[in-house]
Amino acid sequence: MSISIYNTLTRKKEPFVPAEPGKVRMYVCGPTVYDSCHIGHARSVVVFDVITRYLRRRGFEVIYVRNFTDIDDKIIRRAAELKVDPKDLAERYIREFHRDMDALKVERATLEPKATEHIPQIVQIIERLMEKGYAYQANGDVFFSVTAFPGYGKLSGRKLEDMEAGARVEVDERKRDPFDFVLWKASKPGEPAWESPWGPGRPGWHIECSAMSAAYLGETFDIHGGGKDLIFPHHENEIAQSEAAFGRPFVTYWVHNGFININHEKMSKSLGNFLLIRDLLETYPPEAIRLFLLSSHYRSPIDFTPGQMEEALSGLDKLYALLQRAQAALKPDTMKGEAMFSGAYWDRFCNAMDNDFNTAQGIGVLFDAARSANRLMDETSDPGRDDFQRHIGGTVSQIRGMGDVLGLFTESAESYFESRQVQLQKEKPVDTAAVEALVAERAAARRAKDWARADAIRRHLEEMNVILEDRQEKTIWKLK
RNA sequence: GGCGGCAUAGCCAAGUGGUAAGGCAGCGGUCUGCAAAACCGCUAUACUCCGGUUCGAAUCCGGAUGCCGCCUCCA
């Protein structure tokens, strides 16, 4: 079975065949580091994290490049507002990005190049575009001439004449065509600047990606990803620059993830509904956020609501509870349930993932496996039997295997539930000593078969937001 | 004005022409002193509507309606 990927360029699902067998070269547009990361960034980063993990699991060597745009108008503006150096501002938000994404269990990209560290490569491409007649100068700025590039619009399906130029933005009268875009921007006094043949300035937004992808992945590479919003103009412009400069196809597969709405509304600064990752992490376990993000197909829009997150959380609780239960049932000398990448569930999972990385379907397989393991444990009368051990061990191992691709079950069930309780304690504190005392009192009542007393205590605890589970050995309590 | 997407049960969501995964919630049951958890069963005569292609369509084509996104910085 081969992997198929929906390609924005052709608007079709296509079998995935990398240029060099066994090796995948992938570039994903990273953030412009002028502010904290929100849930939308998380979606893109998590989606491509899972894609990378899956491709690697399927045996590909993946060179995954994700850039940081660390010089740009927004960075300069924000730095001026805060009266800090733009470089310091960028570095601060790069650190934040790493902190947030590490917390979300995202693996680092193979390379994370920064625009400011590739100025020579950027200047070189612009020079080349000038030589070939695709670019022109206008007092210190350099523009790309879209009419000089015949394929312009092929990614976004736009024709130049169909677009309402200047409908929303004033057109720079120095441009030959309203859709010409800046490759090199002359700096104003006090702004960060690099020397160039056209005078001191800084790179335009799009050119860095053309330069850095060529530097690390070559002039043609396999996968280019990013959020849907980047299709136009960013990726369209990248294609124009790279193909004009190098005279060969830029990217084979274009992959774009959908957006996140917040409570049915578009996330926007004006609505003030930006959900920052670090704020979300205050409330939810990182893997619940991942499970939420991966429960829909990566291209669909998804709606973030507290209810949706609670559902993801319930699901994650259920899966961790199964892992905990299975761990207790498995004999130490047999399988301990390490990740396994074969078997019926694994095959079904791969089948889903092969189909344009259908994580939603894959998660369905995960729950199927969990249910089957629970059933087996419910039904068995002799957990020591070899076939039982093998069966549970195999199922749990496959669950861990799927988790390995999705970035789930990275911690022990014990520590997961422990942090859940800590979290709940933070939200609705209870007096632990008092609860323990009541639980002990109820245990005594139960031993005396004083059910009325036991139930009264249970009700009392429930009012305190505490639920009880009477296990064989002892009673455990947890916060609701 | 141009381009694109989506419409599946109470909610979320998958579905790759052959007869509707999974999750959450709800109800019934098994288990339990009672619960909880887990499991079992039930919950879409059928996938917005109307046509068409086909032996056969949620899946393909045309049209209608309704949402949404992009065309400006944006994940």
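Below, chains carry the letters A, B, ... as their sequence lines are ordered, and counting in each starts from 1. Source: prediction; values computed, not measured.
- The side chain of A:R371 places no N or O atom within less than 4.0 Å of a non-bridging phosphate oxygen (OP1 or OP2) of B:C39.
- One can place NE2 of A:H235 at 16 Å from C1' of B:C71, the figure rounded to the nearest angstrom.
- Judged by distance alone with a 3.5 Å cut-off, no donor-acceptor contact links the side chain of A:R43 to the base of B:A75.
- Nucleotides B:C68 and B:C31, compared at atom C1', are 48 Å apart to the nearest Å.
- Rounded to whole Å, the distance from NE2 on A:H41 to C1' on B:A75 is 5 Å.
- At least one side-chain nitrogen or oxygen of A:R375 sits closer than 4.0 Å to the OP1 or OP2 atom of B:C40.
- Contact check, A:K266 against B:C70: a side-chain N or O comes under 4.0 Å of OP1 or OP2.
- Remark: A:S295 is not in phosphate contact with B:C24, judged by side-chain N or O atoms under 4.0 Å from OP1 or OP2.
- At the phosphate of B:A36, neither OP1 nor OP2 sits under 4.0 Å from any side-chain N or O atom of A:K478.
- Using P as the reference atom, B:C34 and B:G29 are 13 Å apart when rounded to the nearest Å.
- Taking atom C1' in both B:G18 and B:C47, the straight-line distance is 16 Å, to the nearest Å.
- No side-chain heavy atom of A:R278 sits less than 4.5 Å from a side-chain heavy atom of A:C37.
- Contacts with RNA chain B (heavy atom under 4.0 Å) in residues 89-114 of chain A: none are found.
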Could you spell out the base pairing of RNA chain B in dot-bracket, with Watson-Crick or G-U pairs whose two distances are under 3.5 Å, [ ] crossing and | to another strand? ((((((((.[[[..)..(...]]].(((((.......))))).....[[[[[..)....]]]]])))))))....

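- You won't find any donor-acceptor pair under 3.5 Å spanning the side chain of A:D378 and the base of B:C31, going by distance alone.
- Atom P of nucleotide B:C39 and atom CG of A:L376 are separated by 12 Å, given to the nearest angstrom.
- For A:Q361 against B:G15, a side-chain-to-base donor-acceptor contact under 3.5 Å is absent.
- For the OP1/OP2 pair of B:G15 and a distance below 4.0 Å, the side-chain nitrogens and oxygens of A:N358 include at least one atom meeting the criterion.
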